[in-house]
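So the structure is just underneath, and the comments pick up after that.
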Amino acid sequence: MTRIDAEKQRSQPSFAIIGAGMSGLLAAIKLREAGFDYTVFEKADRVGGTWRDNTYPGIACDVPSHLYSYSFDLNPDWSFYCSPGVEIQRYFEDVTRRHALESHIRFNDAVTRCEWLDGEWEVETASGFSKRFQWVIAATGILHHPKFPDIDGLDSFSGSRFHSARWDHDVVLDDRRVGLIGTGSSGVQITGALAPRVARLSVFQRTAQWVVPVEQVAYTDEQRETFRTDIDQLQKLHDDLSVSFNDGFATAVLDANTTMVDEIEKTCTQHLEQAIEDAELREKLRPDYRAACKRLVVSHDFYDGIQHPNTELVTTPIERIEPMGVRTRDGHLHELDVLVLATGFQVDRFMRPMKIQGVEGLLLDDVWSERPSAYLAVGVPGFPNFFMLNGPNSPVGNFSLIQTAEMQFSYVLQLVEWARTNEWKATMPHQEAALRFEKERTEAAKGTVWATGCRSWYLDDRGIPFAWPFPFSRFRSEMSAPRLEDYEWVT
Ligand code: NAP
């Protein structure tokens, strides 16, 4: 190695990436391309994040597959318009191989502490490994820590019980009595897949869902061959889906009174009226709040599953769980062999329970003691060179999460390049900028469809949606060039 090479190598910043899911892999690919040194810390034994963890029957991505792909690594081989989870997991594993990331990933090694010491981050893991990095990219996801329902007697159930994101594949389901608590996006997909398999499926619904019908369209061999040979067509498909998604639905949810939400309600109502034959069942499934207030459920088989002769929709509230099953408030005991909890995630955890300690001993747990927040969803004052992908206030229900992460990462990379060019050691958002953004964001969030009076995981402890409440155009423009005056720089 020449002296110039050695100096160049020394001046290359080093990055710790936390998580080898969709956004962590993205960061690794981009840092590799830029020639930077990086280590990915992954608590599990495989890449894939949510697609590794969620293996429940019926799992698929309800965002079109040709949109739910990296823009720089499109996949001509998707089998369906909305492909099954196993294919998405395979895609992330293939991407990992194609970009030779594996040797940079420390598997089975959860980060326990990140501490800002002498102008660097000391990153420590559960195995006792410790190393210093100049930058940290937290790519830990939002839907990450399963949420268990606060129902009396949950632990007393004598059958098999597990969360939808921790599916126990050793448990036999065929011809057994299965209870399913929750009818969010996970519960709805599980219902469609399990109904024909089990002896009885009792679906415990607390709140009815608006269900957007979608056709399960398979791509033909010919279409896949065309995508393989004509990359422009593949690119066009991705770009067209992106435009229709971002200019359509993503904009509609920002205004509670928009006619597009009326259209969605109309489509879902027609679907309900046409698909559900029994009038009593239809009324139980009819929501009483604005469509898209909760995260919209998209399904091709939920109504089939719910009308299957093996299925019973239970809307009487749950009183408690007993060794033999679920007791509802009408005194009825729904006897079960297996209980599935599709009850969602603790969405305010992000990188926690890691101990993250910034300047002058500042703890992220203290900064976020009321609720998580972040300047433009990426940075937190007091935590230099620490950036998040899909962090607090990120677009969660409106834009494609992959596209969001790509734009956020390119924003962070601009800050890194700016710091290198100017020989600044570190940067973090100004407190004043973060407060200004959060005030404006909170006010805008109050006018979105998410704040029209429903219970959902989009709401914070005050009942204010925590997601990005501005149009896609604003997100794109904010991410395209950091406002450097909103940052503190350390020389
Ligand atoms: P979720 O949307 O939070 O739904 C949780 C469900 O559990 C709700 O039906 C909720 O009822 C019910 N529940 C929670 N506690 C309960 C209790 N104590 N008693 C009775 N019912 C209870 O969780 P999820 O279905 O796992 O979905 C989370 C998110 O993951 C989705 O919104 C989506 O962003 C993502 N996801 C995406 C896909 C995809 O295809 N792209 C698939 C699955 C998940 P209430 O409605 O009354 O609160």
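In each ligand, atom 1 is the first atom listed, and ligand 1 is the first ligand listed.
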Handout entry: Between Phe345 and His163, ring centroids under 6.0 Å
Key =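 Yes.
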Handout entry: Pair Trp167 + Phe162: ring centers closer than 6.0 Å
Key =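 Here the rings of Phe162 and Trp167 have centres that are less than 6.0 Å from each other.
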Problem - Contact residues of ligand 1 (heavy atom under 4.0 Å), by chain and number - result: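 For ligand 1, the residues that come within the 4.0 Å heavy-atom cutoff are Tyr56, Ala60, Cys61, Asp62, Leu143, Pro149, Ile151, Ile181, Gly182, Thr183, Gly184, Ser185, Ser186, Gln189, Arg206, Thr207, Lys294, Arg295, Ala342, Thr343, Gly344, Phe345, Arg455, Trp457.
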Exercise for the section: Cation-pi check, Arg224 to Phe227: give yes when NZ or CZ is under 6.0 Å from the six-membered ring centre and within 45° of the ring axis, no otherwise. Expected result: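 Checked: cation-pi criterion not met.
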Problem - Non-neighbouring partners of Asp62 that pass salt bridge (Lys or Arg N to Asp or Glu O under 4.0 Å), sequence neighbours left out - result: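 Asp62: salt bridge (Lys or Arg N to Asp or Glu O under 4.0 Å) contacts with Arg295.
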Problem - Within residues 300-309 or reaching into it, pairs that qualify as salt bridge (Lys or Arg N to Asp or Glu O under 4.0 Å) - sequence neighbours excluded - result: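 For residues 300-309, and leaving out neighbouring residues, there are no salt bridge (Lys or Arg N to Asp or Glu O under 4.0 Å) pairs at all.
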Practice task
Name all pairs fulfilling the disulfide (SG to SG under 2.5 Å) condition that reach into residues 290-327, sequence neighbours left out, sorted by first residue then second.
Solution key: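 Pairs touching residues 290-327 that pass the test: Cys293-Cys454.
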